[in-house]
Amino acid sequence: MSALTPPSDMPTPTTDKITQAAMETIYLCKFRVSMDGEWLCLRELDDISLTPDPEPNPEDSWEDLTELVEQMRDDTEDPNYLMANERMNLMNMAKLSIKGLIESALNLGRTLDSDYAPLQQFFVVMEHCLKHGLKAKKTFLGQNKSFWGPLELVEKLVPEAAEITASVKDLPGLRTPVGRGRAWLRLALMQKKLSEYMKALINRKDLLSEFYEPNALMMEEEGAIISGLLVGLNVIDANFCMKGEDLDSQVGVIDFSMYLKEGPIAKCSEGDGQITAILDQKNYVEELNRQLSATVNNLQAKVDALEKSNTKLTEELAVANNRIITMQEEMERIKEETSYYSEASKKVNKQERTADGQALSEVKKHLKEETQLRLDIEKELEVQIGMRQEMELAMKMLDKDVCEKQDALAALRQQLDDLRALKHELSFKLQSSDLALKQKSELNSRLEEKTNQMAATVKQLEQSEKDLVKQAKTLNSVAHKLLQKQH
């Protein structure tokens, strides 16, 4: 046993040191990338156990290492384990692709076309998801795996999908089932019904079992998760031209470099986005403040004009009242004169019936003129009374309008005060964001220094691993020699 134990003078990293190095490692996008057969394995950092193990005993290290290697070999040779690993990788890639596509499309702010790189990668990932676990169908040219067959079932489950299925079949440039499936995915995204169609297809596992293996992605819960994630794509607009695009010969290769982002840079960009949003809000509030100020000034000018018009109408009403009073006094005077002339006419008729007829005719003429004047004054009095009533009604309406304008002016002043308070709050948030940006810049520089330190640590760990491999080879040769000597 002592011969199998590594020499004590060789530096061997302990589990605590390895765990500490793993904790200090920055995993891009919280995934680890490794090769597993024909699949790229992406595992989240949470799946890796970083709990320090107790310090191993030097005498038991070789047995533990052998057991660990045998256990890992058994796990990798299990088909169910490989299929589960593939499903997890595809689901994680779908999450990254959909999230990146939505964020980039919202930042771009326009309709997407077929040349947009994140959109191309999304279709590649969806193609891999639909191909996972497909059953091979034998034809006279050999075995064929195509996801066009499951997609044709959607028109039976959702009648709205019959339109895009017919459009795909009518496209003249498509010669293979793979090209038809790719065109179907693009048309479904343009229709903003991709999530609905995928959900309807996944819910009918009795129909999918004809095309997929039992442990395929479309038959497991990962497929339902991906269909739920596709709902977020309804916020983007896409436009594709299918006639000139060669969908049959495209090679679906996932570009992982698009999804590898450093944490500090992403945080800084997020902080810049927040500052930009705050500045946009500030500009919007200032513009709204200017518009409200202009509205308040216009309303104030209208109120001043209404007040002047009210004063003018009040003066005209007072003049009309004075004129009506004067006309009433004149009418009373005319009535008195008319009664006086009537009495005088009676006296003249009694006392001087034999008087000159010319004087009597003059009195009658004067009486007739006074009567006509009285009628004219009464008509004018009625007209003035009607004008007075109209002016009183206009005054009431004017008072009501002035009250409404004053209420509106008070409400606008309250809104102006609220906007000024909001502007002050946004200015304070902008100052806080500037301070946070400075702190993030300092943190970014510290993280870069830490990254350089960890790179040196990784090199030391690699050198230690090489030394351990050499020691293991030496121990194997020594053990082989000892076994030969014993025999």
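Throughout, residue positions are numbered sequentially from 1 according to the sequence presented.
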Inset, instruction - First locate atom CG of Asn215, then atom CD of Glu220, and finally report the distance between them rounded to the nearest 0.5 Å. - result: 6.5 Å
Legend entry - Flag if over 12 foreign heavy atoms under 6.0 Å of CD, Glu163: no
Inset, instruction - Mark yes or no for whether Ser195, through its side chain, and Ser227, through its backbone, hold a donor-acceptor pair below 3.5 Å. - result: yes
Inset, instruction - Please check if the side chain of Arg87 supplies one atom and the backbone of Leu82 the other of a donor-acceptor pair under 3.5 Å. - result: no
Inset, instruction - Working to the nearest 0.5 Å, report the span between CG of Leu416 and OG of Ser293. - result: 5.0 Å
Inset, instruction - Measure from the side-chain N and O atoms of Asn89 to the backbone N and O of Asn85, and report whether any donor-acceptor pair falls under 3.5 Å. - result: yes
Inset, instruction - State, with a plain yes or no, whether a side-chain heavy atom of Gln431 is found less than 4.5 Å away from one of Leu435. - result: no
Inset, instruction - Say whether, by atom type as modelled, one donor and one acceptor occur between the side chain of Asn92 and the main chain of Met88 under 3.5 angstrom. - result: yes
Inset, instruction - Could you tell me whether the side chains of Tyr116 and Ser104 share a donor-acceptor contact shorter than 3.5 Å? - result: yes
Legend entry - Side-chain touch Phe240/Leu119, heavy atoms, less than 4.5 angstrom: yes
Inset, instruction - Return yes if some donor-acceptor pair links the side-chain N/O of Ser309 with the main-chain N/O of Ala305 below 3.5 Å, else return no. - result: no
Legend entry - Lys/Arg-Asp/Glu bridge criterion (N-O < 4.0 Å) met for Lys193, Glu160: yes
Inset, instruction - Look at Lys131 together with Glu127 and state whether they make a salt bridge at an N to O cut-off of under 4.0 Å. - result: yes
Legend entry - Side-chain touch Leu187/Thr165, heavy atoms, less than 4.5 angstrom: no
Inset, instruction - Would you kindly check if the NZ (Lys) or CZ (Arg) of Arg186 is within the cone defined by 45 degrees around the ring axis of Phe123 and under 6.0 Å from the six-membered ring centre? - result: yes
Inset, instruction - Side-chain contact test, heavy atoms from C-beta onward, threshold under 4.5 Å: evaluate it for Leu412 versus Gln415 and give yes or no. - result: yes
Inset, instruction - Supply the atom-to-atom distance His128 NE2 to Leu217 CG, rounded to the nearest 0.5 angstrom. - result: 12.5 Å
Inset, instruction - Hey, could you give me the NZ/CG distance between Lys405 and Asp401, rounded to the nearest 0.5 Å? - result: 5.5 Å
Legend entry - Shortest non-hydrogen contact from Leu313 toward Met391: O-CE, 3.5 Å
Legend entry - Main-chain N/O of His132 paired to Tyr212 side chain as donor or acceptor, under 3.5 Å: no
Inset, instruction - Flag the pair Glu152 and Lys169 as a salt bridge only when some basic side-chain nitrogen lies within less than 4.0 angstrom of an acidic carboxylate oxygen. - result: yes
Legend entry - Check: Gln120 side chain, Ser114 main-chain N or O, donor-acceptor pair, under 3.5 Å: yes
Legend entry - Aromatic centroids of Trp184 and Phe147 separated by under 6.0 Å: no
Inset, instruction - Look at the side chain of Lys205 and the backbone N and O of Ile202, then say whether any donor-acceptor pair between them is shorter than 3.5 Å. - result: yes
Legend entry - Ser97 (side chain) donor-acceptor with Met93 (main chain) under 3.5 angstrom: no
Legend entry - Gap separating the CG atom of Leu468 from the CD atom of Gln463, nearest 0.5 angstrom: 10.5 Å
